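Shown next, in structure tokens, is the structure this report addresses.
Start at 1 and go down the list; that is how both ligands and their atoms are numbered. Every value quoted in this text rests on a predicted model; they were computed, and no experiment measured them.
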Amino acid sequence: SFNLSLDTMLASRIQRRAFSASARNLSKVAVLGAAGGIGQPLSLLLKLNTRVTELALYDIRGGPGVAADISHVNTKSTVKGYDPTPSGLAAALKGSDIVLIPAGVPRKPGMDRDDLFNTNASIVRDLAKAVAESAPEAKLLIISNPVNSTVPICAEVFKARGVYNPKKLFGVTTLDVVRASRFVSEIKGTDPKDENITVIGGHSGVTIVPLFSQSNHPELSSNAELVKRVQFGGDEVVNAKGGAGSATLSMAFAGARMADALLRAADGEKGVIEPTFVDSPLYKDRGIDFFSTNVELGPDGVKKIFPIGEIDANEKLLVEACLGDLEKNIAKGITFVQQNP
Ligand code: NAD
Ligand code: LMR
């Protein structure tokens with residue numbers, strides 16, 4: 001009857017409206033390097049995140065296998081693996097809201113992160129080209145080391161293509177924050193969820209600057225051993241793994257936390273703040289274009305970059321040491337793309 005068809009029409013219209021409302025919250029997340037030590041557990045943690053609706057797993061080898069495996073986890077998101085071809089990469093990226101890049105080689109004992117530059121710079125440059133081409137609007141989270149150089153590499157690639165949005169490029173330094181929180185909680189016998197330590201600067205050695213003076217335990221800023229442990233926490237894992245790589249599981253946890261922060265901000269949650277390595281005004285007058293401080297995240301990525309705030313005399317020395325190294329690391333990334341576009 002007429003009434004029935006009207007009802008049906010209305011119902012379908014309401015349904016369509018409901019769909020378009022929720023369509024805004026659809027979140028495709030792509031992982032490039034998904035079959036690696038970080039990529040696999042990171043992809044698993046993203047599969048457990050109910051804000052993710054579609055997961056795209058790409059690697060030069062093993063993406064479809066990891067995807068088939070993770071796709072059996074009974075959460076609602078769809079998971080697809082992509083072949084290591086340019087069209088596979090483009091399809092993985094198309095429509096992504098967030099792209100995480102943990103592709104590249106990890107350290108072995110005796111190496112510092114800059115020793116990875118020769119291999120990882122070109123890997124990240126080429127993946128950034130693909131992102132610029134197929135997902136220029138995505139928020140891009142760089143995990144591949146040396147982060148202090150790979151983030152500027154991505155910025156240069158985007159600039160050359162006219163698609164650079166500094167609000168959407170992030171170096172993932174969350175693992176330093178996670179470590180600082182855990183190490184303090186071990187010393188103080190507290191719950192790490194109550195230990196929020198801001199870590200600023202970059203992501204390697206002395207460029208990592210924990211600000212204990214701003215924490216629940218300001219006196220810890222004079223604990224040189226603890227400061228050093230946060231700065232060189234990565235080495236602890238590299239040495240313990242004895243040549244088999246660097247942090248993968250704690251890194252996956254940290255990467256999933258950073259992705260979740262961006263997803264929550266995209267869903268409209270206010271006050272989402274994480275330290276992250278971004279294009280920052282704070283030290284541009286000293287020739288340093290990227291710096292990590294607390295950043296408030298919003299639907300479009302970076303919403304507000306906080307200044308470093310009050311720091312004590314110990315920390316002022318740490319910041320000076322940080323800036324020296326950071327400047328060189330950033331310049332190296334920029335020069336690399338200029339000479340090897
Ligand atoms: P891994 O060797 O286990 O995995 C790397 C993966 O990248 C491999 O599966 C490899 O096939 C893939 N890959 C290589 N080239 C690729 C390309 N062009 N496209 C797509 N995939 C590609 O290494 P891992 O332990 O997972 O570490 C990965 C990177 O993350 C390293 O550079 C490491 O230093 C870095 N890392 C960063 C942090 C951080 O805090 N930001 C923490 C830990 C590790
Ligand atoms: C870390 O901090 O664990 C990573 O950057 C990997 C490394 O090389 O230490």
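Residue nearest to atom 2 (O) of ligand 2, selected from Arg113, Lys108, Gln231: Arg113 (by heavy-atom distance). Among Ile143, Leu42, Val124, the residue whose heavy atom lies nearest to atom 41 (N) of ligand 1 is Ile143.
When only interatomic distances are considered, the shortest N/O to N/O separation between Asn145 and ligand 2 falls below 3.5 Å. Distances between N or O atoms of Asn120 and those of ligand 1 include at least one value under 3.5 Å. In terms of N/O distances under 3.5 Å, ligand 1 is not approached by Tyr58. Residue Asn145 places at least one N or O, backbone or side chain, under 3.5 Å from an N or O of ligand 1. The distance criterion of under 3.5 Å between nitrogen or oxygen atoms is not met by Pro106 with respect to ligand 1. Close N/O approach between Gly39 and ligand 1 is not found [any backbone or side-chain N/O within under 3.5 Å].
Against a heavy-atom cut-off of under 4.0 Å, Ala35 is close to the following atoms of ligand 1: 9 (O). The contact set between ligand 1 and Thr248, taken as ligand atoms under 4.0 Å from a residue heavy atom, comprises 25 (O). Those atoms of ligand 1 with a heavy atom of Leu116 less than 4.0 angstrom away are 34 (O). Remark: ligand 1 atoms within the under-4.0 Å shell around heavy atoms of Leu127 are 19 (N). Taking every heavy atom of Val147 and a limit of under 4.0 angstrom, the matching atoms of ligand 1 come to 41 (N). When each atom of ligand 2 is checked for a heavy atom of Gly234 under 4.0 Å away, the hits are 1 (C), 2 (O), 3 (O), 9 (O). Each of the atoms 11 (O) of ligand 1 lies under 4.0 Å from some heavy atom of Arg61. Near Ala247, with a cut-off below 4.0 Å to any heavy atom, the atoms of ligand 2 are 3 (O). Residue His203 approaches ligand 2 through these ligand atoms, each under 4.0 Å from one of its heavy atoms: 1 (C), 2 (O), 4 (C), 5 (O). Against a heavy-atom cut-off of under 4.0 Å, Gly37 is close to the following atoms of ligand 1: 1 (P), 3 (O), 4 (O), 26 (O). Near Arg107, meaning under 4.0 Å from one of its heavy atoms, ligand 2 places the atoms 7 (C), 8 (O), 9 (O).
Taking every heavy atom of both residues into account, Gly104 and Asn120 meet most closely at CA-OD1, 3.3 Å. The two atoms that bring Phe158 and Ala128 nearest to each other are CE2-O, 3.6 Å, heavy atoms only. In terms of heavy-atom proximity, Leu141 sits nearest to Leu262 at CD1-CD1, 3.4 Å.
For atom 5 (C) of ligand 1, the closest heavy atom belonging to the protein is Gly104 O, 3.2 Å. For atom 9 (O) of ligand 1, the closest heavy atom belonging to the protein is Asp59 OD2, 2.8 Å. Shortest contact from atom 32 (O) of ligand 1 to any protein heavy atom: Val105 O, 2.9 Å. Shortest contact from atom 22 (C) of ligand 1 to any protein heavy atom: Ala103 CB, 3.5 Å. In this structure, atom 4 (O) of ligand 1 lies nearest to the protein heavy atom Gly36 CA, 3.2 Å. Closest protein heavy atom to atom 3 (O) of ligand 2: Arg179 NH2, 2.7 Å. Annotation: atom 44 (C) of ligand 1 to nearest protein heavy atom, Ile38 CD1, 3.3 Å. Looking only at heavy atoms of the protein, atom 17 (C) of ligand 1 is closest to Ile60 CG2, 3.6 Å. Of all protein heavy atoms, the one closest to atom 18 (N) of ligand 1 is Ile123 CG2, 3.6 Å.
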**OP:** Take Thr50 and Lys76 through the side chain to side chain donor-acceptor pair (under 3.5 Å) test and state the conclusion after the steps.
**Re:** CA-CA 7 Å; Thr50 52; Lys76 265 166 85 182; over 6 Å; no
**OP:** For side chain to side chain donor-acceptor pair (under 3.5 Å), just list the numbers for Ser185 and Arg182, CA-CA rounded to whole Å, side-chain angles, deciding distance to a tenth of an Å, and then say yes or no.
**Re:** CA-CA 5 Å; Ser185 75; Arg182 184 59 189 143; 2.9 Å; yes
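Put simply, no part of Met111 is less than 4.0 Å from ligand 2, judged by heavy atoms. Residue contact check for ligand 2: Met251 places no non-hydrogen atom closer than 4.0 Å to it. At least one heavy atom of Ala247 sits less than 4.0 Å from an atom of ligand 1. Contact annotation: Leu175 has at least one heavy atom less than 4.0 Å from an atom of ligand 2.
Between the side chains of Thr207 and Asn329, no donor N or O sits under 3.5 Å from an acceptor N or O. Looking at Lys47 and Ser77, their side chains do bring a donor and an acceptor atom within 3.5 Å of each other. A donor and an acceptor atom, one from each side chain of Thr198 and Asn294, are located under 3.5 Å apart. For the 3.5 Å distance criterion, the side chains of Asp312 and Ser221 qualify, holding a donor opposite an acceptor.
Rounding to the nearest 0.5 Å places OH of Tyr283 at 14.0 Å from CG of Asp289.
Of all the heavy atoms of Pro102, the ones lying under 4.0 Å from any atom of ligand 1 belong exclusively to the backbone. No part of Arg113 comes within 4.0 Å of ligand 1, judged by heavy-atom distances. Residue contacts with ligand 2, taken as heavy atom pairs separated by less than 4.0 Å, do not involve Val237 at all. Residue contacts with ligand 2 for Glu236 are absent, since no atom lies close enough (heavy atoms, distance under 4.0 Å).
Phe336 and Phe117 have perpendicular rings, their planes meeting at more than 60° on a 0 to 90° scale where under 30° would count as parallel.
Counting only distance, with no hydrogens or angles, the side chain of Lys139 and the backbone of Pro299 share a donor-acceptor pair below 3.5 Å. Checking side-chain atoms of Gln214 against main-chain N and O of Glu310 turns up a donor-acceptor pair under 3.5 Å. A donor-acceptor contact shorter than 3.5 Å links the side chain of Ser144 to the backbone of Ala103. Here the side chain of Asp176 pairs no donor or acceptor atom with the backbone of Ile208 at under 3.5 angstrom. No side-chain donor-acceptor contact under 3.5 Å links Lys168 to the backbone of Ile98. In this structure a side-chain-to-backbone donor-acceptor pair under 3.5 Å is missing from Asp267 to Glu269. Remark: side-chain polar atoms of Ser181 are paired, donor with acceptor, to backbone N or O of Glu195 under 3.5 angstrom.
Residues Asp114 and Lys328 have side chains not in contact (no heavy-atom distance under 4.5 Å, counting atoms from C-beta outward). Val79 has its side chain out of reach of Asp69: every pair of non-hydrogen atoms, C-beta onward, lies at least 4.5 Å apart.
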